[in-house]
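Accompanying notes for the structure given below.
Residues take their numbers from the sequence shown, with the count starting at 1.
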Amino acid sequence: MIPSTPSLILHNCKVVTLDDGDRSADAVAIAGERIAAVGRSDELLARAGTQTRRIDLNGKTVIPGLIDGHAHMDREGLKEELHSIEGVGSIADLIERIRDIARRVPVGEWIVTMPLGTPPEYSGMPGALAEGRWPNRHDLDQATQDHPVYIRSIWGYWRHTLPLVSIANSRALAECGVSGNTRPPAPAVTIQTDPADGKPTGVFIEEQFMPLVELTLMKRAPAFTVEQRTRALARSMGVYNSFGTTSVFEGHGVAADVLAAYQDVYRRGLQTVRANLVFSPPWSLIASDETRVEFVGAWMKFLAGRGYGDQWLRLNGLYAEIDESPENRLRATALPQTGWAGFNYDAGLPAKVLREVLIEAARCGIRVVGLWPNMVELFAEVDRVVPIADKRWVYSHLNVLNPDGIRRIRDLGLMVTTHTNRYIWKEGGKLRDRVGRAHENDIVPLRSLLEAGIPVSLATDNVPPSLFHPIWHVNARIERNAGACIAPDQRLTRLEALRCGSYNGAFLTFEENDKGSIETGKLADMVVTSADPLTVDPSLLRHIVADITIVGGNVVHQRSQGGMPSAGSTAPGRSNPGGPARTE
C-alpha cells in the first residue's frame, strides 16, 4: 500500500517516463519507496503534506534509474584499495613515489600498487616514461629494500590491448621463490631475465587479457580481502550512482568473495545500487562430470526462478562457459582469491559436459547466462531437449550476429546484453575489416534485434562505469580510432537507447513491473540528469552525469554546487539535500 501523502515531490521538470506511451510529465510524487503519482506540478503539489519534501528542478530532466546489464561494479572501488602510482613521468619519479609509500608502511610489509599509466586504461607505457623502458627490480630496490614491492598489471579488458606487465623488486622475488631457474607457468608468460647473469629482472610479460602471474608466481603478494572488497563495493556504488545507475545485473557471475562483500554491504545498510547476481560455479572443486550434473539438480536448486533475496540483493541463475583452458585451471588454484575477476576462473566446462549440466538447469528452472557466441548453439541443443523459450536465458557481449543468428536468438527467447564499449567504440573498425562492408550491419545489430522483438539491455562492463557511454555508442555508432560510423543502419534513437538502458534492464531481471519506467506504483528509482539526454548536443551525450540519483525514494547521490560529485553517497533511509536543485 502506497501512503496517501507524498514524502517527496520533484516538480518543474521534464519527466521522461518510458511508459508504454512514452508519456511526458513535469512532476513526480514519491511516497515511501514507491512512485505515488506522475503528472502536472500544480496537481501533485496540491497533495503535499506538512512533512513532504519538495524539490524544484528548474526545468531539469528526470529519467528512470539506469540498469547496467553487465556491470562488474565491484571492480571500480577496488582501484583505490591499492597504492596509486598514477602520474609518474619517469622511473626516477616512480622510485620517489614508492619511497614515499615505504615511509608509511611498516618494515617488512608488502607494497602492492596499481599499474603504471593513466586510468582507466593505463595505456602508453613504457613509452610515456622519460627513460622509454619498463622499470626493473634494481630500480624498485632503490626505493626500498625493506619491503617486498609488486606493481600489478592491468586487468587486460580495461584496455583490450596486450601485453600485460607486472614488476617486482628483489625482495618480492625472493619471498615468492622466483629465480633464474623458475619456469613460466604458461606459454603466454615471459619471465624477463638479464642476459648477463640469467637472473630475473623483475619484469613479467603476459600475452593474455586475464593476469596469471599474480595468481601463480607472485601469489604470496597480498590479494584482496573480503574486508577490502566490502569497503570497495560501497565505494563502487557511489560511483555508479553518480552516473545515474540504480541497479546492476552481474551476468558474468560472482565468486564467493564478491558475494560475501555484497552480503556485508547489505547487512550494514550501505547498499545504494540494487544488485541481481548470477552464480559463478567453481567446477574444479567438484569431483566428476556426473557429480556436476547432480550438483545442479540438488544443491543448486536455490538458484531456480527468482532465486533468493529481495529487491536490493538477489542471487539467481547460473553462468556457463565452454572452456578447457589449462591457464584458467591454473588461475583457479588461487581460489578463493579471484583478483580483479570477481568470478571463478574454472566456471567453464567442456561442451559435452556442459550440455548435460545445462539440460539439468533447464529442468530445474535455473536461468543460464552465456558470454560468448558458441553458447547460443549450445542453448539450441538444450532447447531441443527441454524448451527454454520462456525462461529468459541470456546471451551477453554481443559482437557480430547475422540475420540467421537473430532468428535463432528470437526463437530461443533469449535476452541480449551488449558490450558496446568494446565492439563499437574500441573495435568497431576491426570488426568491419573482418566481416567486410557487405556484412557491416551484422556488427552489434541492435536495430535488427529490436525489430525482431528481442529485448536488449545496455551494459558497461565497467569500462567505464557510466551507462551514458553505451547510450551514446548505440545512437552515434562511432569508433574511436578513425572516428568512423559503424553500421549506421543499426542506430537506435535516444529514446530507444534510454529504454535499453532502463526498462529492458528491468526485464532482464524479471522486474519490469517494479522498475525501468516512471509509473505509479513502481519503485522510486530515478535520476535527475545534468543535461537532457534526448536533446543535448550529440558530442555531449556520453558526458552526462547525475545531478540527483534516487533509489527507493531516497536520495543516494547529489552533485555539489560546484558541479563535482558529492563526497560519498547516502545509504537507504537517509537524504542528502543540496546541489543544483532547490529544496522547499
Criterion side-chain contact (heavy atoms from CB on, under 4.5 Å) on Thr418 and Ile424, from CA distance to verdict: CA-CA 10 Å; Thr418 61; Ile424 294 179; over 6 Å; no

We want to know whether [X] and [Y] form a side-chain donor-acceptor pair, criterion being a heavy-atom distance below 3.5 angstrom.
X: Ser396; Y: Thr417; value: yes
X: Asp257; Y: Thr338; value: yes
X: Asp68; Y: Thr245; value: no
X: Thr225; Y: Glu227; value: no
X: Thr17; Y: Glu519; value: no

Between the main-chain N or O of [Y] and the side-chain N or O of [X], is there a donor-acceptor pair closer than 3.5 Å?
X: Ser517; Y: Asp19; result: no
X: Arg494; Y: Pro533; result: yes
X: Ser41; Y: His11; result: no
X: Glu81; Y: Phe224; result: no
X: Asn241; Y: Gly244; result: no
X: Arg480; Y: Trp425; result: no
X: Arg367; Y: Arg392; result: yes
X: Arg314; Y: Arg306; result: yes
X: Arg477; Y: Ile486; result: yes
X: Asn344; Y: Ala255; result: no

Parallel, tilted or perpendicular, as decided by the 30° and 60° cut-offs, for the rings of His70 and His397: tilted

Parallel, tilted or perpendicular: ring planes of Phe343 versus His72, cut at 30 and 60 degrees: tilted

Tell me the closest heavy-atom pair linking [X] and [Y], and the distance in Å.
X: Ala347; Y: Ser280; answer: CB-OG, 3.7 Å
X: Arg152; Y: Gly339; answer: NH2-CA, 4.1 Å
X: Phe243; Y: Ile544; answer: CD2-O, 4.3 Å
X: Ala362; Y: Lys391; answer: O-CE, 3.5 Å
X: Val265; Y: Ala234; answer: CG2-N, 4.2 Å
X: Gln490; Y: Leu446; answer: OE1-N, 3.4 Å

Criterion salt bridge (Lys or Arg N to Asp or Glu O under 4.0 Å) on Arg274 and Glu33, from CA distance to verdict: CA-CA 13 Å; Arg274 303 182 194 275; Glu33 66 174 1; 5.1 Å; no

Note: Arg447-Asp489 ion pair, threshold 4.0 Å (strictly below): no

Given Trp340, Phe209, Tyr122, the one that forms ring-ring contact (aromatic ring centres under 6.0 Å, His included) with Tyr157: Phe209

Derivation of the side-chain contact (heavy atoms from CB on, under 4.5 Å) call for Ser502 and Leu18: CA-CA 9 Å; Ser502 55; Leu18 295 183; 3.0 Å; yes

For a 4.5 angstrom cut-off between non-hydrogen side-chain atoms, does [X] reach [Y]?
X: Ile63; Y: Leu498; result: yes
X: Asp514; Y: Lys522; result: no
X: Thr529; Y: Phe468; result: yes
X: Ser242; Y: Thr549; result: no
X: Ile406; Y: Pro445; result: yes
X: Val258; Y: Glu250; result: no
X: Asp22; Y: Leu495; result: yes
X: Pro6; Y: Leu44; result: no

Option from Phe249, Tyr319, Tyr262 for which side chain to side chain contact (heavy atoms under 4.5 Å, CB included) with Leu277 holds: Tyr262

Arg422 and Asp461: CA distance, side-chain angles, deciding distance, salt bridge (Lys or Arg N to Asp or Glu O under 4.0 Å) verdict: CA-CA 9 Å; Arg422 180 175 185 178; Asp461 209 48; over 6 Å; no

Can you tell me how far apart [atom1] ([X]) and [atom2] ([Y]) are? Round to the nearest 0.5 Å.
X: Asp26; Y: Asp42; atom1: CG; atom2: CG; answer: 7.5 Å
X: Ile366; Y: Ile388; atom1: CD1; atom2: CD1; answer: 13.5 Å
X: Ile548; Y: Ser530; atom1: CD1; atom2: OG; answer: 12.0 Å
X: Leu10; Y: Ile518; atom1: CG; atom2: CD1; answer: 8.5 Å
X: Asn12; Y: Asp56; atom1: CG; atom2: CG; answer: 4.5 Å
X: Thr246; Y: Asp525; atom1: OG1; atom2: CG; answer: 4.5 Å

Heavy atoms of other groups near Asp20 CG, more than 12 under 6.0 Å: no

side-chain contact (heavy atoms from CB on, under 4.5 Å) between Lys14 and Leu534, intermediate numbers included: CA-CA 11 Å; Lys14 174 184 175 181; Leu534 299 182; 4.2 Å; yes

Derivation and outcome, side-chain contact (heavy atoms from CB on, under 4.5 Å), residues Val239 and Glu80: CA-CA 12 Å; Val239 173; Glu80 295 185 33; 5.7 Å; no

Ring-face cation contact, Trp158 with Arg75, 6.0 Å cut, 45° max: no

